[in-house]
Amino acid sequence: MSVSLRSNQEEENQELFTFEEGIINIGRNQDNDLILNDLQVSGNHAQLVIEENRCFIIDLNSSNGTYVNGEPIASREHWELHEDDTIQIGEKCFQFRFLNSSQETILMGQTTFSPPETRQTIITPQDRSQGEMIVSAESVNLQGRSELKIGRDPQNDQVIAHPSVSRFHGRIQKEDESFYIYDLNSTNGTYVNGRAIHKKRVLKPGDLISIGPWRSEFNIDETLIVRNEEGKLRIDAVNLNKVVGKGVNLLNDISFSIEPNEFVVIAGVSGGGKSTLMDALNGSRPATSGVVLVNGNDLYRNYNAYRSQIGYVPQKDIVHVDLTAVEALDFAAQLRMPADTTGKERQDRLQQVLGELGLSHRANVPFKELSGGQQKRVSIGVELITRPSLFFLDEATSGLDPGTEGEMMKLLKDLANEGRTIILITHATENVTLCNQVVFLAKGGNLAYYGSPNDAIEYFEVDRFNEIYRKVENTEDPKVWKTEYEDSDWYQTYVVERQSSLPTINREPVTETSRQPKSPRTQHISSWRQFLILTERNLAIIKRDRASLILMLAIAPVLGVLDFFTWQAKIFDTSNGDPGQGITMLFTAALIAVMVGSLSTMREIVKEQEIYRRERMIVLKLLPYLFSKVAVSLILALYQALVFLLFKVLAVDLPLSFSVLSGFYLTLLLATLSGMMLGLLVSAIAPNPNIAPLLTIIVLVPQITFGGGVLPVNTLGTPGLILNHLSLTKWSFESLVTITGLGTDVGNDPCWELPKTERNNLSETQIQNCDCFGKSIFRACEFPGIAGKYDPAVDEPEPQKPTEPDAPPTAPKKPESPSFQAQQQYEEDLDDYQAAIEDYQTQVNQYQERIDTWQDQYSRWKENYESAIGEAEGLIDRFYTDYGNAFAVNVVRHWSILTGLMVIMFGALYGIQKRKDII
């Protein structure tokens with residue numbers, strides 16, 4: 001198969017080339033098959049790969065890109081060519097065609113051509129020497145069209161081959177003689193005049209439409225002037241001031257311009273405002289007055305429209321250290337690239353980025369095992385995923401050895417040459433000559449110099465660039481440097497001439513209402529999708545950090561083993577149990593669950609705060625982020641609660657009913673999860689990972705002191721009671737006491753509900769209605785150790801008192817008649833009386849013996865009876881006084897309160913993280 005690239009130049013100037021199947025190299029070097037003598041063409045710029053019935057063009061990391069039909073192709077991407085495709089390489093433009101073997105094969109090149117009728121190529125001629133750029137625009141005529149489809153897919157009318165653009169991103173449609181623009185649920189949004197549209201918006205003449213790097217202006221003649229700004233973004237800083245506090249100005253009226261594809265270093269003395277200036281330029285912390293223009297558009301008022309075109313690498317790495325390089329890039333791609341990006345597209349982009357950074361051979365190495373320079377490259381790669389055209393790096397070379405620092409500077413220079421505007425803060429100046437321009441700041445945010453690094457040496461009259469620091473820092477009044485620079489020829493060359501063509505600029509102070517917020521405002525990013533990606537990433541991080549994973553999984557079994565050495569098995573037994581130990585065991589179980597949960601999550605948020613801030617600026621939604629943390633916490637809590645329960649069952653004779661075991665497990669689960677929520681809250685509050693453990697100790701001490709297991713609730717004052725109700729351990733501890741039935745019978749006993757004075761004055765009849773009071777205490781009341789107080793006297797009848805003897809016999813009366821017969825009868829009666837008296841005395845003596853025996857029996861019985869019941873009641877009373885509030889609680893209500901506390905903590909967590917968006 002043969003192909004041709006036909007020039008659209010005039011007939012006499014056409015050039016003819018013939019190519020057969022194989023690989024055709026194109027570039028400026030003499031060893032290429034097609035040599036293009038054009039300074040905009042790289043030495044080895046592109047390749048044509050010709051196969052049977054197909055042809056592909058590949059850009060070889062060229063500086064100025066390769067364009068097909070006006071759209072740039074990604075570096076190393078195999079872009080299939082079709083009949084009549086137009087290819088632009090530097091100043092040369094070609095028309096591609098397939099040829100049969102019988103046909104003549106030709107290739108002709110030129111610099112301009114005539115596209116289809118509805119399109120007209122417009123070249124805006126501007127003088128680059130004056131700091132302006134050549135912007136190529138395309139006119140799209142909407143007259144006679146019912147719609148114009150826009151997106152990444154080739155089926156669209158306007159194809160934008162960019163990773164930040166959705167496959168079918170937007171649509172312009174004519175309705176009722178007006179044109180409307182629709183956003184088709186795109187990931188990164190469609191913007192009109194810098195504002196995101198929702199569903200649709202009518203277009204008015206002069207409206208500026210922004211989709212990724214694609215900018216188009218709707219004209220009154222129903223045409224679109226379309227510009228692809230990828231790799232062609234210019235920044236103009238005009239009269240920037242940053243006033244904070246009580247009138248302290250961190251940036252003193254700074255102005256300069258950065259042309260597209262320039263590599264600019266921001267340097268300066270300590271306190272010069274380098275980070276403040278960078279943040280003003282990238283819009284994360286806008287200046288309080290002055291403007292920042294991106295291709296003539298106010299960045300602060302169009303921040304969301306340019307969000308996807310801005311890359312930012314902070315000083316600290318924005319990569320989870322336990323992920324491999326390719327995993328880190330993959331998760332970043334899933335979060336940042338449109339949801340309709342296929343797995344193959346994403347992987348192709350990953351490989352392109354790894355190739356650009358020279359990390360293909362280290363793709364599967366964990367980040368923490370990479371060298372310092374390689375780690376910084378991965379952080380840069382995270383930002384390169386979506387091909388931003390503006391790239392900001394804060395101290396990207398700090399901490400690197402001189403050789404690695406030099407390699408990093410060369411990499412940034414190459415990235416700029418490939419079509420990016422690079423701004424870097426650095427203190428390392430050994431390789432500063434690699435950059436195009438340098439900004440040097442004196443103290444107080446005074447611009448001491450802006451221009452080429454070589455001219456800086458001449459301007460400051462030093463031999464080496466790093467000598468500038470000492471010279472500028474030793475000046476008493478730093479404003480002198482600003483004045484001297486503004487009076488110099490360099491200021492006229494690098495600032496005034498570059499900004500001479502800028503339009504009239506509105507220099508009104510920047511206010512909260514005039515700028516767009518930093519937090520994401522794109523409404524079409526799926527929260528569910530983000531949640532799944534973030535949860536998967538969290539699990540991958542845990543899996544990669546094997547030491548932490550093993551410890552996290554082992555801590556529950558290790559603590560569980562201690563149950564065998566701490567608690568007796570019969571702790572809840574009514575005969576041999578120990579209610580005091582039971583109370584301690586249950587409180588310890590609740591406390592350990594809360595503590596383990598807190599300690600496992602106390603660094604979860606603070607350890608990745610730099611990553612969070614960067615992702616939050618671009619695409620990250622807050623609720624999916626927080627819920628992903630909760631989801632992983634829930635998985636761990638399910639495991640830890642199960643292990644805690646398993647060892648409790650093995651070590652202690654818990655009631656083995658389903659209700660007890662399920663209730664015990666759910667309580668431990670809620671306690672562990674609430675502790676994890678507390679840990680996440682601490683992690684959000686902590687300023688750095690080293691402070692998190694100290695804050696965790698502070699919040700855990702009240703869980704011990706005021707949870708109700710160490711200090712009884714009735715001993716706490718009013719402040720203590722408030723803390724008791726706010727403690728997580730209270731609700732889980734009291735639930736466990738009730739679930740295990742340790743004192744449920746007592747808690748439900750009507751006698752124990754009475755005040756102690758009333759309870760001690762109850763009658764026997766009233767006591768009969770109580771299972772845990774009086775004689776019934778051993779028969780119907782379940783309480784640990786209570787049966788050990790039992791005495792048989794409780795169930796023995798009261799010893800019967802002996803029956804007293806009958807009344808003593810009555811003595812016979814002496815006869816009144818002195819007759820012998822009467823006297824004889826009296827004597828006989830007297831003998832009988834004497835006998836009766838003796839018999840009676842015998843009965844009395846026997847009775848006395850029985851009384852003595854009865855009194856001994858009764859005393860022993862009474863003592864044993866009262867002692868058994870008294871000791872049993874005393875045992876209950878001792879623990880009822882201190883812990884009776886936990887004996888029979890509404891467990892479901894306690895679970896609800898514990899859940900409510902978790903909701904409150906989650907709300908506080910949300911508020912704290914939300915607050916970080918505006919600090």
Side-chain angles (χ1 to χ4, degrees), residues 59 65-75 77 79 136-138 140 147-173 181-192 194-201 208-217 224 226-233 294-295 297 302-311 332-350 352-353 383-391 419-420 520-526 529-530 618-619:
D59 182 83
T66 302
Y67 296 78
V68 177
N69 299 328
E71 299 294 337
I73 65 174
S75 177
E77 181 179 4
W79 186 284
S136 178
E138 182 181 88
V140 179
E147 69 174 5
L148 180 75
K149 295 181 289 186
I150 308 166
R152 196 176 74 249
D153 193 278
Q155 297 181 34
N156 290 284
D157 302 303
Q158 278 285 317
V159 179
I160 310 174
H162 194 273
S164 67
V165 178
S166 296
R167 189 173 300 280
F168 297 97
H169 197 109
R171 180 179 73 246
I172 296 176
Q173 186 169 315
I181 184 166
Y182 287 78
D183 182 81
L184 304 179
N185 291 321
S186 65
T187 295
N188 289 307
T190 301
Y191 300 86
V192 175
R195 299 288 177 179
I197 67 171
H198 303 281
K199 294 186 179 179
K200 72 174 183 177
R201 183 189 187 280
L208 180 65
I209 305 168
S210 301
I211 296 177
W214 188 80
R215 306 280 182 271
S216 62
E217 184 178 354
L224 289 175
V226 179
R227 294 176 175 85
N228 183 359
E229 294 183 344
E230 183 179 11
K232 306 181 184 70
L233 293 186
V294 178
N295 283 4
N297 298 312
N302 297 272
Y303 183 75
N304 283 327
Y306 281 102
R307 185 192 301 274
S308 63
Q309 294 302 297
I310 298 176
Q334 291 183 58
L335 284 172
R336 302 185 184 199
M337 296 179 76
D340 55 17
T341 304
T342 65
K344 184 180 184 305
E345 287 177 319
R346 192 174 71 250
Q347 292 304 316
D348 287 345
R349 182 61 188 148
L350 295 183
Q352 291 169 9
V353 171
E383 295 298 309
L384 287 180
I385 287 293
T386 52
R387 290 208 323 246
S389 296
L390 283 178
F391 215 76
R420 299 174 185 88
R521 294 300 179 196
T522 304
Q523 300 298 319
H524 305 309
I525 301 173
S526 169
R529 178 172 176 265
Q530 280 198 12
I618 304 173
V619 68

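On a predicted model such as this, the values are computed, not experimentally measured, just so you know. Side chains are part of it too, since the values below use all heavy atoms of this structure and drop only hydrogens, waters and symmetry mates. For reference, positions follow the sequence shown, starting with 1.
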Under the 3.5 angstrom rule, does the side chain of [X] hit a backbone N or O of [Y] as a donor-acceptor pair?
| X | Y | result |
| --- | --- | --- |
| Asp59 | Ile73 | no |
| His169 | Gly189 | yes |
| Arg529 | Gln334 | yes |
| Asp157 | Lys149 | yes |
| Ser389 | Gly231 | yes |
| Asn295 | Lys232 | yes |

Side chain to side chain contact (heavy atoms under 4.5 Å, CB included) partner of Ile310, chosen from Leu233, Ile618, Val294, Leu390 = Leu390
Measure the [atom1]-[atom2] distance between [X] and [Y] for me, rounded to the nearest 0.5 Å.
| X | Y | atom1 | atom2 | result |
| --- | --- | --- | --- | --- |
| Phe168 | Asp153 | CZ | CG | 3.5 Å |
| Leu208 | Arg195 | CG | CZ | 13.5 Å |
| Trp79 | Tyr67 | CH2 | OH | 12.5 Å |
| Arg346 | Ile385 | CZ | CD1 | 9.5 Å |
| Gln347 | Thr341 | CD | OG1 | 11.5 Å |

Which atom of [X] lies closest to which atom of [Y], heavy atoms considered:
| X | Y | value |
| --- | --- | --- |
| Gly194 | Asn302 | CA-OD1, 3.1 Å |
| Arg152 | His162 | CD-O, 3.6 Å |
| Thr187 | Ser166 | N-OG, 3.0 Å |
| Gln309 | Gly212 | NE2-C, 3.8 Å |
| Asn188 | Ser164 | ND2-O, 2.7 Å |
| Arg387 | Ala161 | NH2-O, 2.7 Å |

Can a cation-pi geometry be assigned to Arg215 and Tyr306, taking NZ or CZ under 6.0 Å from the six-membered ring centre and within 45° of the ring axis?
-> yes
Intermediate values then yes/no, side-chain contact (heavy atoms from CB on, under 4.5 Å), Ile209 and Ile172 = CA-CA 11 Å; Ile209 305 168; Ile172 296 176; 4.1 Å; yes
Residue set satisfying side chain to side chain contact (heavy atoms under 4.5 Å, CB included) with Glu71, at least two apart, ordered chain then number -> Asn228
Kindly indicate, with the supporting measurements, whether the criterion side-chain contact (heavy atoms from CB on, under 4.5 Å) is fulfilled by Leu384 and Arg420.
-> CA-CA 10 Å; Leu384 287 180; Arg420 299 174 185 88; 3.4 Å; yes
Check whether any side-chain heavy atom of [X] sits under 4.5 Å from a side-chain heavy atom of [Y], and report yes or no.
| X | Y | answer |
| --- | --- | --- |
| Asp183 | His198 | no |
| Tyr182 | Thr190 | no |
| Ile160 | Ile211 | yes |
| Ser308 | Val619 | no |

Sidechain N-carboxylate O distance under 4.0 Å for Arg167, Glu345 | yes
Start with the C-alpha distance between Leu148 and Leu224, add both sets of side-chain angles, then the distance that settles side-chain contact (heavy atoms from CB on, under 4.5 Å), and finish with yes or no.
-> CA-CA 11 Å; Leu148 180 75; Leu224 289 175; 3.7 Å; yes
Assess whether side-chain contact (heavy atoms from CB on, under 4.5 Å) is satisfied between Ile150 and Trp214, documenting all intermediate values.
-> CA-CA 10 Å; Ile150 308 166; Trp214 188 80; 3.7 Å; yes
